[in-house]
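Notes for the one structure printed next.
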Amino acid sequence: MAVASDDSTDVEKLYQYGENLNESQDKSQNLKDYEGIIEAAKGSIKAKQLAAQLIPRFFKYFPSLSERAIFAHFDLCEEEELGVRVQAIRGLPLFCKDTPEYVSKIVDILGQLLTAGENVERDAVHKALLSLLRQDVKASLTSLFKHIGSTEEPCTDEIIREKVLCFVRDKVFPLKAELLKPQEQMERHITDLVKKSLQDVTGAEFKLFMDFLRSLSLFGQKASAERVQELIEIIEEQADLDAQFDVSDGDHIDRLISCLYMALPLFKRGASNSKFLNYLNKHIIPVFDKIPEERKLDLLKNLAEFSPYATPQDSRQLLPAVVQLLKKYVPRRRTGEEMNFTYVECLLYTFHHLAYKTPNATNSLCGYKIVTGQPSDRLGEDFSDYYKDFMERLSTLEDLSRATSKKLTQGITEHNKAMAAAKTEEAKDIVKTQKQNAATGLRTCNNILAMTQPLHSKSPSFIGDQKINLSWKKAAKPSGPPTAASSGGKRIAGDANGSSTNTNKRGRAAGGMQNQLVNKALEGLSRGGGRTGGSSRAWGGQRGRGRGRGRGTGRGYR
């Protein structure tokens, strides 16, 4: 009874303090009343709940007590009793209503409170943060992004970082039209914050941020060439194009492939791809044999899709390496070994588009005699052996492609019969996947034949448009169960009877809209859990830009 009486007395005192302050014309004279409210934050549960309402309500009138008041309120945010914590969290935005200089500090605290385990508590944090974002979006975003971190201000608590990142993704980005006002100024501000945060991100986080930046009016379809180039430069930096390439660094290869794919839509908008092409020419193609097999196809596919947007100068520099790779994968005579038709399709497509930009460069590479009137025509030199070699390879390639096409066509007929005879859904799914494999292989062979035919003349015509539809862009979506051939609706590369060696290589989904590496990276950004420990991160699931990170030991309110 004594305890209950004490609780009642504490609450009565608080009501009296609050009533005194409400009635006072000059509230700054009621210092003792406000001190009493602050002290009550150490009392009973009911007293703490009431104090959590009163402390922020009268905060602006007592600047001399601001530090005591705000620290007492922060302590209430960590109380064991859920009701006290929720009430305290709801009161945090009120500190900033008339004292906006506290926005950054309160947002910082709310960012740390995103680790709350109870739904009602977490919901209160979300509402409080959104309230402050609407009050001062610039200060709030700046404070939130400090938890995501940068080289200058590294994040020290990985769990908080994860929660803040998820809040930004789920709550802030979808409200960009409402929050980012004035639009141009705030889009630039959040772009600068994102760019700083990209210094140490996972592949999933990088894609998240890039998708967001592309959604801004600043970088939209009407954006200037300068703005589009800014996005390319962000991707170039993430791809580490200034670093020496280490063929054993799988993380760098994965990052490079994903960045190449993300950059492609920007090249279609006129951005320069010179830095990427130069890096491929200087670092990747010379060691192509040493690159893991599962990475080669993605690199060649990206190279093929880049080639229509290469400048004449870049085309001239890159063409010799492409011709050498083409000769590597297209034998001069039939050897009995299997040919990787998809590799050849990529390389032929690249060859055509590069040669279209600088046709006379093929004179000294393939023995052609294309006259442009420039010294680089080299018409006075004898490259007849090169021409003979190239023609023999083209003929061999055509023979193999026709033979394979015939087998694939026969295979599709057999698959149709097998489908009619299949008794179970599982058997039908297997046959359907085999048929799709054959159809993809057939498209590959048809593309090869379409690209070799114009190359037989000594003055050939090069395909400079996109009338050739690359085979992986037309792949049907498998409806069968997840298998090595059909998992996730990925492109099936290769034919059904093994005449291509790239059946299980990484690919893109139908329509070329998604890269397998990006899909894999997206799995690293979960909605629920925090991160595990670790001092560095890899592109697939961890950040990894050459820096370790420590662990925070507390929230650091003070």
Side-chain angles (χ1 to χ4, degrees), residues 285 288-289 291-305 307 322-354 390-415 433-456 463 466-476 478 484-486 490-508 510 512 516:
I285 294 179
F288 194 76
D289 284 347
I291 292 174
E293 287 297 321
E294 65 270 17
R295 306 294 196 277
K296 288 180 179 178
L297 182 58
D298 270 318
L299 286 168
L300 290 179
K301 282 169 26 182
N302 277 302
L303 181 61
E305 293 193 49
S307 60
V322 171
V323 171
Q324 288 305 310
L325 273 183
L326 193 55
K327 289 182 177 180
K328 172 179 173 56
Y329 290 105
V330 179
R332 192 167 182 176
R333 296 176 182 84
R334 299 181 70 157
T335 62
E337 295 183 6
E338 293 179 344
M339 176 180 288
N340 194 315
F341 288 95
T342 311
Y343 280 21
V344 175
E345 179 191 11
C346 293
L347 289 166
L348 267 179
Y349 188 88
T350 303
F351 173 78
H352 267 280
H353 282 280
L354 298 182
F390 199 64
M391 291 304 106
E392 288 182 3
R393 293 178 191 275
L394 289 179
S395 296
T396 299
L397 176 58
E398 289 172 335
D399 288 345
L400 289 170
S401 297
R402 290 190 185 101
T404 302
S405 293
K406 184 177 180 180
K407 291 179 182 179
L408 291 171
T409 303
Q410 292 171 347
I412 290 175
T413 301
E414 294 300 319
H415 293 322
T433 298
Q434 291 173 340
K435 185 178 177 180
Q436 289 166 347
N437 288 348
T440 300
L442 189 58
R443 285 196 300 273
T444 299
C445 290
N446 288 339
N447 279 345
I448 289 172
L449 291 169
M451 289 187 284
T452 56
Q453 290 169 5
L455 299 178
H456 283 284
I463 299 170
Q466 297 187 46
K467 66 183 179 182
I468 298 292
N469 294 305
L470 293 163
S471 61
W472 58 87
K473 289 190 170 185
K474 281 193 170 183
S486 63
K490 301 298 187 299
R491 188 187 68 83
I492 309 302
D495 57 78
N497 60 10
S499 60
S500 179
T501 61
N502 58 345
T503 302
N504 293 320
K505 299 295 187 295
R506 294 170 183 252
R508 290 179 188 155
Q516 182 174 351

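All residue numbers in this chain count up from 1 along the given sequence.
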Spatial distance of atom [atom1] ([X]) from atom [atom2] ([Y]) [nearest 0.5 Å]:
X      : Y      : atom1 : atom2 : value
Asn447 : Leu442 : CG    : CG    : 10.0 Å
Arg393 : Tyr329 : CZ    : OH    : 13.5 Å
Lys296 : Thr342 : NZ    : OG1   : 14.0 Å
Leu348 : Leu397 : CG    : CG    : 6.0 Å
Leu394 : Asp399 : CG    : CG    : 11.0 Å
Gln324 : Leu347 : CD    : CG    : 11.5 Å

State, to 0.1 Å, how close [X] and [Y] come at their nearest heavy-atom pair, and which atoms those are.
X      : Y      : result
Leu470 : Ala304 : CD1-CB, 4.5 Å
Val330 : Met339 : CA-CE, 4.2 Å
Leu297 : Cys346 : CD1-SG, 4.5 Å
Ile448 : Phe341 : CD1-O, 3.5 Å

State, yes or no, whether a side-chain contact exists between [X] and [Y] at a heavy-atom distance under 4.5 Å.
X      : Y      : value
Leu455 : Met451 : no
Tyr349 : Lys301 : no
Leu300 : Phe288 : yes

Pair Arg443, Thr440: side-chain N/O donor-acceptor within cut-off below 3.5 Å
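Yes, Thr440 and Arg443 have a side-chain donor paired with an acceptor closer than 3.5 Å.
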Could you work out, with side-chain hydrogen bond (donor to acceptor under 3.5 Å, both in side chains) as the rule, every residue matching Lys327, not counting sequence neighbours?
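Residues passing side-chain hydrogen bond (donor to acceptor under 3.5 Å, both in side chains) with Lys327: none at all.
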State which residues pass side-chain hydrogen bond (donor to acceptor under 3.5 Å, both in side chains) with Thr452; sequence neighbours excluded, sorted by chain then number.
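So Thr452 forms a side-chain hydrogen bond (donor to acceptor under 3.5 Å, both in side chains) with Glu398.
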Any donor and acceptor pair, going by atom type alone, linking the side chain of Glu345 with main-chain N or O of Ser471 inside 3.5 Å?
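It does hold such a pair.
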Using only atom types and a distance under 3.5 Å, with no angle test, would you say the side chain of Ser401 pairs donor to acceptor with the backbone of Cys445?
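Absent.
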Apply side-chain contact (heavy atoms from CB on, under 4.5 Å) to residues Glu305 and Trp472 and explain how you reach the verdict.
CA-CA 11 Å; Glu305 293 193 49; Trp472 58 87; 3.0 Å; yes
Worked check of side-chain contact (heavy atoms from CB on, under 4.5 Å) between Ser307 and His352:
CA-CA 9 Å; Ser307 60; His352 267 280; over 6 Å; no
Tell me whether the centres of the aromatic rings in Phe390 and Phe351 are closer together than 6.0 Å.
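Ring centroids of Phe390 and Phe351 are less than 6.0 Å from each other.
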